Amino acid sequence: MWIESLGPTLELEDCFHRLAGMKHRIWFDSVSDRQHNRGRYSFLTADPVGWLHKTIDQTDPWPELHRWCSRLPSHGMVANAELAQTQSIELPPFCGGLAGLIGYEAAWWLEPSVRMPADFSAEHPTTGMAIGIYDWTIAVDHVTGQTLLICNGLNAKLETNLGRGKQRAQSIRQRLEQKPDQEPRSRASSPSASSLMPSQEASKSCPSPTLKSNFTEEGYRNAVAEIIARIRAGDSFQVNLSQALTHPATCSAAELYQRLRQTNPAPYACFFDLGCEQILSSSPEGFLQVRDRKVVTRPIKGTVPRTGDDIEDERLAQVLGGSAKDRAENIMIVDLMRNDLSIVCEDSSVRVTGLCELERYQSVQHLVSTVEGQLRNGVAISELLAACFPGGSITGAPKIEAMKTIARLEGQPRGAYCGSMGYISVTGNADFNILIRTVTQREGQWHFPVGGGITSRSDPQNELDETWTKAQGMLRAIQATTSDEPRN
């Protein structure tokens, strides 16, 4: 790999703007999180040398992803001897390789029985998978302040070449030295976050004039009640139900994302421009992380809001920690993820290293667990993804039965929401999130589903309220797009 230091003064947002106009721009956008010991690195990349994009009505892309993964070189050699001699270089987890989106409906190719009965692809083709071969990345270490430009010289055949890497480094440096392309902006009016909330007087078909849902309030409560009845009849243990919110886009995807990262920062945030649509996420949830063949997954189940009042937040945290319903929900998903990991991990290596631990974020507090395992020899990371996808925290258990119920009750594809974004590095590392707190900008609309896990102890109104709690960070970002500074 050809590596150059870009110094500690390069601002991430400035780099992001200077890459505007390059195809399929990605920003894996973390912040240093000393409390949770995550979010050390952020990565920017664009202009992949290979591109795999399939909508849910097209042929299965998983075999191609497996082929790419099997041919991806795995190395960590720094070719720039001068840099290696003058600086202590610690390679970041992502040095280029495969990166992109695995949409929720990518599971349809893995398990056809969970497909929706109707074809929803004619009017708005839904992306099932969009993965690029990225031959370079800008890596920012939030702990040391070091910023590196890493070029591995990959081509579309996944062959490396040092000369190509050096040429790419020169072209990216030139791009960073130029005045950034103007990101399109809009100052169209947008209602406040509070006005977007449904009210008692709201229309049954639309919670507010600008914010629409695929459910009425009564319809969502009825769907929750139906799930509870099916759980008590023995069909499932838990089902994750979401309502899909839609709001007219009032600015560019890049501008909304900058507001989202200010109003709702998260360790697994990301931005991805597919061309036909843009994915903006401030997800707090990691799906699968691989370091030296060690796998870590961190399912989230159990949510209460942050109020801004420390005493009230602590009270809510104690309520969450003592909730039998939320703990049971979390433990069920832990068992599901243990079973999924056991398919591809060494016998007896799968273990729970954290159970129902409280974590606080900008808008919410969650119960989070941690499950670890060691990948068996010969298992590719794409096979790990296929064994565990989608994450159990956003389906329910048993997974297949829960997904069938989701398809029937939600009545439309989720798309990016509850899928995963991440990377498989040439160094053998991988990191994928779960796309919650996620906005998809498509055809002038912002789509952002919100949901929660339903168990036999759920209350339909409480479950509906929880979806609005989870929507608050995104609604604040929408509100902030019309002001110079984010509003609280």
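Atoms considered below: every heavy atom in the structure, side chains included; atoms not considered: hydrogens, waters and symmetry mates. For clarity, every value in this text was computed on a predicted model and none was experimentally measured.
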task: Any chance you could lay out the side chain to side chain contact (heavy atoms under 4.5 Å, CB included) test for Val290 and Ile424, step after step, and finish with the verdict?
output: CA-CA 9 Å; Val290 181; Ile424 304 172; over 6 Å; no

field: Check against side chain to side chain contact (heavy atoms under 4.5 Å, CB included), Arg315 and Ile311
entry: CA-CA 6 Å; Arg315 186 191 71 79; Ile311 296 176; 5.8 Å; no

query: Between Tyr361 and Thr303, is a side chain to side chain contact (heavy atoms under 4.5 Å, CB included) present by the stated rule, with each step listed?
result: CA-CA 11 Å; Tyr361 295 92; Thr303 305; over 6 Å; no

task: Run the numbers on Asn462 and Glu466 for side chain to side chain contact (heavy atoms under 4.5 Å, CB included), then give the verdict.
output: CA-CA 6 Å; Asn462 289 344; Glu466 183 176 316; over 6 Å; no

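For the residue pair Ser369 and Asn330, the shortest heavy atom distance occurs at OG-OD1, 2.6 Å. Between Gly473 and Asn264 the shortest heavy-atom distance is CA-CG, 4.0 Å. Heavy-atom minimum distance, Ile454 versus Ile231: O-CD1, 3.4 Å. In terms of heavy atoms, Gly392 sits closest to Leu336 at CA-CD2, 3.9 Å. Listed here is the closest heavy atom pair of Val344 and Glu383: CG1-O, 4.1 Å. Residues Ala266 and Ser283 approach most closely at CB-O, 3.2 Å, considering heavy atoms.
For the atom pair CD (Gln441) and CD (Gln278), the distance works out to 5.5 Å, reported to the nearest 0.5 Å. Atom CD of residue Glu357 and atom CD1 of residue Ile300 lie 12.0 Å apart, to the nearest 0.5 angstrom. Between the CD atom in Gln238 and the OG atom in Ser458 there is a gap of 8.0 Å [rounded to 0.5 Å]. Between the CD atom in Glu410 and the OG atom in Ser242 there is a gap of 3.0 Å [rounded to 0.5 Å]. The distance from the OG atom of Ser236 to the CD1 atom of Ile228 is 12.5 Å, given to the nearest 0.5 Å. The structure places CG of Asp309 at 11.0 Å from CD of Glu314, a figure rounded to the nearest 0.5 Å.
Looking only at side-chain heavy atoms (C-beta outward), Thr126 and Tyr104 stay at 4.5 Å or farther from each other. Using a 4.5 Å heavy-atom threshold, the side chains of Trp446 and Leu280 count as separate. By the 4.5 Å heavy-atom criterion applied to side chains, Ile394 and Phe287 are not counted as neighbours. Side-chain atoms of Val450 and Met474, non-hydrogen and from C-beta on, do get closer than 4.5 Å to each other. Residues Leu341 and Cys388 have side chains in contact (heavy-atom distance under 4.5 Å, counting atoms from C-beta outward). The side-chain heavy atoms of Thr395 and Phe389, taken from C-beta on, include no pair separated by under 4.5 Å. Contact of the Arg414 side chain with the Ile406 side chain is registered, since non-hydrogen atoms from C-beta on lie closer than 4.5 Å. Two residues are said to be in side-chain contact when any heavy atoms from C-beta on lie closer than 4.5 Å; Trp68 and Ile133 meet this criterion.
With Glu372 contributing its side chain and Arg351 its backbone, the two residues share no donor-acceptor pair below 3.5 Å. Judged by distance alone, with hydrogens and angles left aside, the side-chain atoms of Ser323 form no donor-acceptor pair with the main-chain N or O of Leu320 at under 3.5 Å. Checking side-chain atoms of Glu329 against main-chain N and O of Thr455 turns up no donor-acceptor pair under 3.5 Å. Side-chain atoms of Asn433 come within 3.5 Å of backbone atoms of Met421 as a donor-acceptor pair (strictly under, hydrogens ignored). Lys301 places no side-chain N or O within donor-acceptor distance of the main-chain N or O of Ile331, the cut-off being under 3.5 Å. In this structure, the side chain of Ser30 engages the main chain of Pro267 through a donor-acceptor pair within 3.5 Å. A donor-acceptor pair under 3.5 Å is absent between the side-chain atoms of Ser456 and the main chain of Phe237, judged by distance alone. Between the side chain of Thr127 and the backbone N or O of Thr55 there is no donor-acceptor pair closer than 3.5 Å. Judged purely by atom type and a 3.5 angstrom limit, Asp47 has no side-chain atom pairing as donor or acceptor with the backbone of Met22. Between the side chain of Asn214 and the backbone N or O of Gln243, no donor-acceptor pair lies under 3.5 Å.
Taking the six-membered ring where tryptophan is involved, the planes of His53 and Trp51 are essentially parallel, since the angle between them stays under 30° and well short of 60°. Below 30°, between 30° and 60°, or above 60°: for Tyr257 and Trp27 the angle between ring planes is above 60°, a perpendicular geometry.
If you check the side chains of Asn222 and Glu226, you find no donor sitting under 3.5 Å from an acceptor. For the residue pair Thr45 and Thr137, no side-chain donor N or O sits within less than 3.5 Å of a side-chain acceptor on the partner. At a cut-off of 3.5 Å, with distance as the only test, a side-chain donor of His66 or Ser382 sits close to an acceptor on the other residue.
One finds a salt bridge joining Arg291 and Asp431 here, because a Lys/Arg side-chain nitrogen approaches an Asp/Glu carboxylate oxygen to under 4.0 Å. Between Asp273 and Arg25 no salt bridge is recorded (no basic side-chain N to carboxylate O distance below 4.0 Å). Under the 4.0 Å criterion applied to side-chain N and carboxylate O atoms, Arg261 and Asp29 are assigned as salt-bridge partners.
Glu285 pairs by the side chain to side chain donor-acceptor pair (under 3.5 Å) definition with Ser393, not counting sequence neighbours.
Aromatic ring centres of Phe16 and Phe271 lie closer together than 6.0 Å.
Applying the side chain to side chain donor-acceptor pair (under 3.5 Å) test to every pair with at least one member in residues 397-407, sequence neighbours left out, gives these pairs: Asp340-Lys399.
More than 12 heavy-atom neighbours from other residues, nucleotides or ligands sit within 6.0 angstrom of CZ on Arg293.
Residue Glu463 is tested with Lys325, Arg221, Arg457 for a salt bridge (Lys or Arg N to Asp or Glu O under 4.0 Å); the sole match is Lys325.
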